[in-house]
2 protein chains.
Amino acid sequence: MSGPDDEGGPVDEFDWIARGLRPLTEGAPEALGLLDDAAVIPSRPGYDLIVSKDAVVEGVHFLPDDPLDLVARKLLRTNLSDLAAKGAEPYGYFLAVAWPPGYGWARRKAFAAGLRADQDEFRLQLFGGDTVSTPGPLTASVTILGWTPAGQMIPRSGAQAGDVILVTGTIGDGWLGLAAAQRRDLGLSAADHAWLADRYRLPRPRCGFGEALRACAHAAADVSDGLIADAERMARTSGLRLTIELEQIPLSTAAATWLARQHEPTRARIALASGGDDYEVICTAPPGAAAALQAAAEALGFPMTQIGVVTMGGGVRGVSGGRPLSLAGGGWRHPG
Amino acid sequence: MSGPDDEGGPVDEFDWIARGLRPLTEGAPEALGLLDDAAVIPSRPGYDLIVSKDAVVEGVHFLPDDPLDLVARKLLRTNLSDLAAKGAEPYGYFLAVAWPPGYGWARRKAFAAGLRADQDEFRLQLFGGDTVSTPGPLTASVTILGWTPAGQMIPRSGAQAGDVILVTGTIGDGWLGLAAAQRRDLGLSAADHAWLADRYRLPRPRCGFGEALRACAHAAADVSDGLIADAERMARTSGLRLTIELEQIPLSTAAATWLARQHEPTRARIALASGGDDYEVICTAPPGAAAALQAAAEALGFPMTQIGVVTMGGGVRGVSGGRPLSLAGGGWRHPG
């Protein structure tokens, strides 16, 4: 996979499909070698196909100097995170990329290498898509397919009164990581800055957790717009109230170090819970199922932390030190 | 569906999803009201799901002053054309749009109205997608889903020696129509210019033709990159030669009028067969099946014309007046 003009000049799109994209099908029969107008997904009786589609734009969702292998991996991972939160196993994906002028073989190869790395890690193949040119910023979208046993997708809207609320991993690293990637000084060590920037650039979708979620959870969603905003949508679609204990929200060592240096710790915790790009899973489950979810997460190498409860009512409520939070102007959006 | 700032200002994306996009789901259970991270496609035993994904960029695939309802309809129709050529029935679609600054409610409403019009005409619903912002040109992609009975998708690669080649509708109108839409003088009447520009802006995907294709055709593809280029790909993937009689390629009245005024009619015919944006179906079938395909097309209100034959060999050959074409420099690409 190399071209006569390895960086600047025009790329023959048929050549790009043949040598850049076709290997990513790994011979999957669904893709028909990318030689046809469409892909063929055979029926899988007893299973539902779970489909999600996300798009990214240079300068909006990633930084212009972000390495393109990481951009591709983040695009795939944000889609994988949607599948993970629904309890679905990854299957395949469709990719549309609008390439700006001057994005030659070297950058395209980096993009394809990123896709390949994550295909290997998360076990899915390219099934099809489209390649076009644009006079604007690099723009890409992925349509991802996954499977759940029929009727077992975990909805966002399924929370029940009496459920506990749990969240995977740690919260706020993506938000701090964006600042770190922008080379803003967080007052942390170089190692912490690098770790946080990596968390921003390369989310860890909680794939492999689907069986436990399907067995235990009533409701689930991925945390992509900020924990509070995603909890708000879960509360609204479920018609219930989610009460979250601010001090229970799990933090990484780097985020906890940052928090310890802030003058207004409650506001800082709210900021961590309002930032986006976490790509963790928030779910609700009966109290008796929490231990099983936590054990399943531990077996996969990440924490699963109980952060609150579901009750009658509406919206998201914050609690800090046992007291309801006064959040005026705080960033706890739509507090009502 | 109206906003406080009907054209210029920012649009609340949640509001756009709720009032602009959710009605397009028409309550389809697959879409989960656009309230979740994913859509759920239940298994349909005995059927294959046919999936295609196409993207468009303002200034590349449509003109900046094209009405946005027509842009949306063309995007949906180019995807529907892929389904039609595979013999698949439309089912649903996913939409990702990157909106530039200043694309307020009025333009978004026009875009949604275009989608709605074609959903009604072609019977499919919105299942999900993504809405993002971009500093660049309006960019959109559709992932479309359709059904065929299991194993009955018509491949591009299925041509057999001895087949005849047929094409739906007329060829070259999209290419002439682009010139008409750009207000270039084709030497035709105002009515012909308007008719051709409409053909460019609003393709007629040959949906409804799937049953006849599945019953009769060995190979099929949609004509989107130009008849010759698409025939070339069919020849290459089938490992056979497609010979096309130039004078048999069906032309509209407007295109025939334009052709009659050209000094080099053979070159002009080649140009019509090399332009893109036709969104007709080219297929190959046993000679005995041609009449059935033509009768099915006639019942749907469009012509189906026999334009050539499939033989051993490779590539596409042109014949004009019974003689092989000399096509040096003529636009008959990759003459083989």
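Since the model is a prediction, treat every value here as computed from it, not as a measurement.
- The backbone N or O of B:Ala221 sits nowhere less than 3.5 Å from a side-chain atom of A:Asp37 that would complete a donor-acceptor pair.
- Comparing A:Met234, A:Met153, A:Glu30 by how many heavy-atom pairs each has under 4.5 Å with chain B, the most go to A:Met153.
- With a 4.5 angstrom heavy-atom cutoff, A:Tyr47 touches chain B only via backbone atoms.
- Summarising the geometry of A:Ala38 relative to B:Ile50, their closest heavy-atom pair is CB-CG2, 3.5 Å, with the distance given to 0.1 Å.
- In this structure, chain B has heavy atoms under 4.5 Å from both the backbone and the side chain of A:Val51.
- A:Asp36 pairs in a side chain to side chain donor-acceptor pair (under 3.5 Å) with only one of the listed residues (B:Arg156, B:Lys86, B:Arg233), which is B:Lys86.
- Proximity to chain A is limited to the side chain of B:Thr139, based on heavy atoms less than 4.5 angstrom apart.
- Shown here is B:Glu13, whose CD atom has more than 12 heavy atoms of other residues, nucleotides or ligands within 6.0 Å.
- Contact check for B:Leu95 versus A:Lys53: no side-chain heavy atoms found under the 4.5 Å cut-off.
- Ranking A:Ser133, A:Ala85, A:Gly33 against chain B, the residue ahead of the rest is A:Ser133, based on heavy-atom pairs under 4.5 Å.
- At distances below 3.5 Å, not a single donor-acceptor pair connects side-chain atoms of A:Asp48 with backbone N or O atoms of B:Val40.
- A:Leu35 contributes atom CG, which lies 7.5 Å from atom OG of B:Ser157 (distance to the nearest 0.5 angstrom).
- Taking 4.5 Å as the limit, some side-chain heavy atom of A:Leu49 sits within range of a side-chain heavy atom of B:Leu49.
- The minimum heavy-atom distance linking A:Val57 with B:Pro135 is given by the pair CG1-CD, 4.0 Å.
- In this structure, the portion of A:Thr237 lying under 4.5 Å from any heavy atom of chain B is its side chain and not its backbone.
- Chain B forms the most heavy-atom pairs under 4.5 Å with one residue out of A:Ala96, A:Ala88, A:Ser43, and that residue is A:Ser43.
- With a 6.0 Å radius and a threshold of 12 heavy atoms from other residues, nucleotides or ligands, A:Glu26 has its CD atom above the threshold.
- Put simply, of B:Gly136, B:Gly146, B:Pro45, the one with the most heavy-atom pairs under 4.5 Å next to chain A is B:Pro45.
- Of the listed residues (A:Val132, A:Asn79, A:Leu32, A:Ile144), the greatest number of heavy-atom pairs within a distance under 4.5 Å of chain B belongs to A:Val132.
- Using a 4.5 Å cut-off between heavy atoms, B:Phe127 does not touch chain A at all.
- Taking 4.5 Å as the limit, some side-chain heavy atom of A:Pro137 sits within range of a side-chain heavy atom of B:Thr134.
- Rounding to the nearest 0.5 Å gives a distance of 10.0 Å between CH2 of A:Trp147 and CD1 of B:Ile41.
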